[in-house]
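Here the structure is laid out as structure tokens; the discussion comes afterwards.
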Protein chains: 2
Amino acid sequence: MKPELDTRTKIVLAAMDLFWTKGYNSTSIADILSRTQLNSGSLYHAFPGKQDVLIAVLEAYRDGLYPNLLDPAWQGVEDPIDRIFALLDRYRWLIVETECTYGCPIGSLALELHEADPVVRNLLAVNFTGWTRAIEACLDAAGDRLPVGLDKAALAQFVLTTMEGGVMQARTHLDVTYFDRGVTMLRDHFDMLMARAARRTELI
Amino acid sequence: MKPELDTRTKIVLAAMDLFWTKGYNSTSIADILSRTQLNSGSLYHAFPGKQDVLIAVLEAYRDGLYPNLLDPAWQGVEDPIDRIFALLDRYRWLIVETECTYGCPIGSLALELHEADPVVRNLLAVNFTGWTRAIEACLDAAGDRLPVGLDKAALAQFVLTTMEGGVMQARTHLDVTYFDRGVTMLRDHFDMLMARAARRTELI
DNA sequence: ATTCTGCTAGAACGATCATTCAAATGCCTC
DNA sequence: GAGGCATTTGAATGATCGTTCTAGCAGAAT
């Protein structure tokens, strides 16, 4: 933990990691304090309570979508459809790197928090929407390579579904091939869509 | 809670419901005791500890797959591909019935339990496998309506992915259409696969 | 009737939880 | 250097957690 960071930032960074690896309920304030080398007074000076730390974490994920996830994943990848699978490949890398214990932090929190506060639930939704909107932009950029009239928002959500489902099964089975097979299915789906679009444009 | 049930069954039934609605960590032993009207001595006579209750719950889900889920969902539905979408429709019904707070109990537990005991993790995997195997049997029964050489296990896992991803997003957005759009995408996928299979068989 | 056995009642335990607070400290301003 | 404000310290609090334990109970076997 860099010492030049202010208290609030230190707490958010530590909480991002702890909520991700242990979950929200299983992470105690004491965990955050020992990780950051802070005392409870400092934390409760920066945040009214534990849930407000969670809110700050979700805001950080929201604001970090491009700088922390998409920009690195898309570096050197220009083709919009390649970008979609480059992003999925980044998740694959995270799964392998964590020996199949990786879980999407947003997805894990979304399923862990059963009776979530409206503010928390909305931030989870905003995080999902940010992700799918980025995919949707790729689909738009693909132009006529995809069929006209395709519900791009629905397909973008389906990409998220593929990622979340693959991560869930890979972690449960401790086997990354469960993720891979999902991506292969999605790849087939895109290939069939692109073949359909190509057939249509030929007709004109 | 039926009084004629034995202690162990009463606990498992109550725990199934509580783990499902509140999650494992957020369900206390006291919750189970007040729900079952039992005392802690009885619970700890039937189970060594809380995790063993979880194990019994997961075993109950495993054993209840057909009688509690698939058989009712497939009553009156004979076509194997219709059965797949009839099952998804049952999940849709659950989502609507719970006002979009429904979460697949297995999926929720799989993402909540980050450092799960090997026995627990394996039971989660077994539950997933039971589900996908049932779907795979439908795909097998579909015969040549699907392309030859299709990876049916992968497609079955993809059906599970569609369900879990749809449930996750529907609950997070409190909007069942997120589930519906996932099913529509999967329907498209099946239609394209069946069209491909039909084209191939014509050639012969 | 008595002993044994399986089960239950419910108080109690120590650990851990999120949170509070009075006192101490650092830091900027004047 | 003095005063004032923001921040930190770290012990204390009460609630709740999973779990334990002893005493008691019911029913079957002897």
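Owing to the predicted nature of the structure, the values given are computational and were not obtained by experimental measurement. Chain A is the first sequence line, chain B the second, and so forth, proteins listed ahead of strands; every chain is numbered from 1.
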- Item | salt bridge (Lys or Arg N to Asp or Glu O under 4.0 Å): pairs with one or both residues in residues 50-77 of chain A, sequence neighbours excluded | none

- Message: A cation-pi test, strictly: NZ or CZ of B/R181 under 6.0 Å from the centre of the six-membered ring of B/F179 and no more than 45 degrees from its axis. Yes or no?
- Response: no

- Query: Regarding B/R187 and the six-membered ring of B/F85, is the cationic atom NZ or CZ under 6.0 Å from the ring centre and inside 45° of its axis?
  - Reply: yes

- To the nearest angstrom, the CD1-C1' distance between A/I29 and C/dT19 comes to 8 Å

- Task: Write down the distance between CG (B/N25) and C1' (C/dT16), rounded to a whole number of angstrom.
- Result: 14 Å

- Check whether the ring centres of B/F158 and A/F158 lie less than 6.0 Å apart, and answer yes or no. yes

- Message: Minimum heavy-atom separation for B/V167 and B/I95, please, with both atom names.
- Response: CG2-CD1, 4.0 Å

- Task: For residues B/G107 and B/F128, report the shortest heavy-atom separation together with the two atoms involved.
- Result: CA-CZ, 4.1 Å

- Task: At under 4.0 Å between heavy atoms, which parts of nucleotides 8-13 of chain C does protein reach? Answer with one letter per nucleotide, 5' to 3': B base, S sugar-phosphate only, - none.
- Result: BBBB--

- Query: Closest nucleotide of DNA chain C for A/D31 versus for A/P48: which of these residues is on the 5' side?
  - Reply: A/D31

- Query: Hey, is the main chain of B/D31 close enough, under 3.5 Å, to the side chain of B/S28 for a donor-acceptor pair?
  - Reply: yes

- Message: Has B/R171 got a side-chain atom pairing as donor or acceptor with A/L111's backbone, closer than 3.5 angstrom?
- Response: yes

- Query: Checking all strands, does B/S26 fall into the base, sugar-phosphate, or nothing category for heavy-atom contacts under 4.0 angstrom?
  - Reply: nothing

- Note on the structure: Span of DNA chain D engaged by chain A, first through last nucleotide within the 4.0 Å heavy-atom cut-off, is D/dT7 to D/dA11

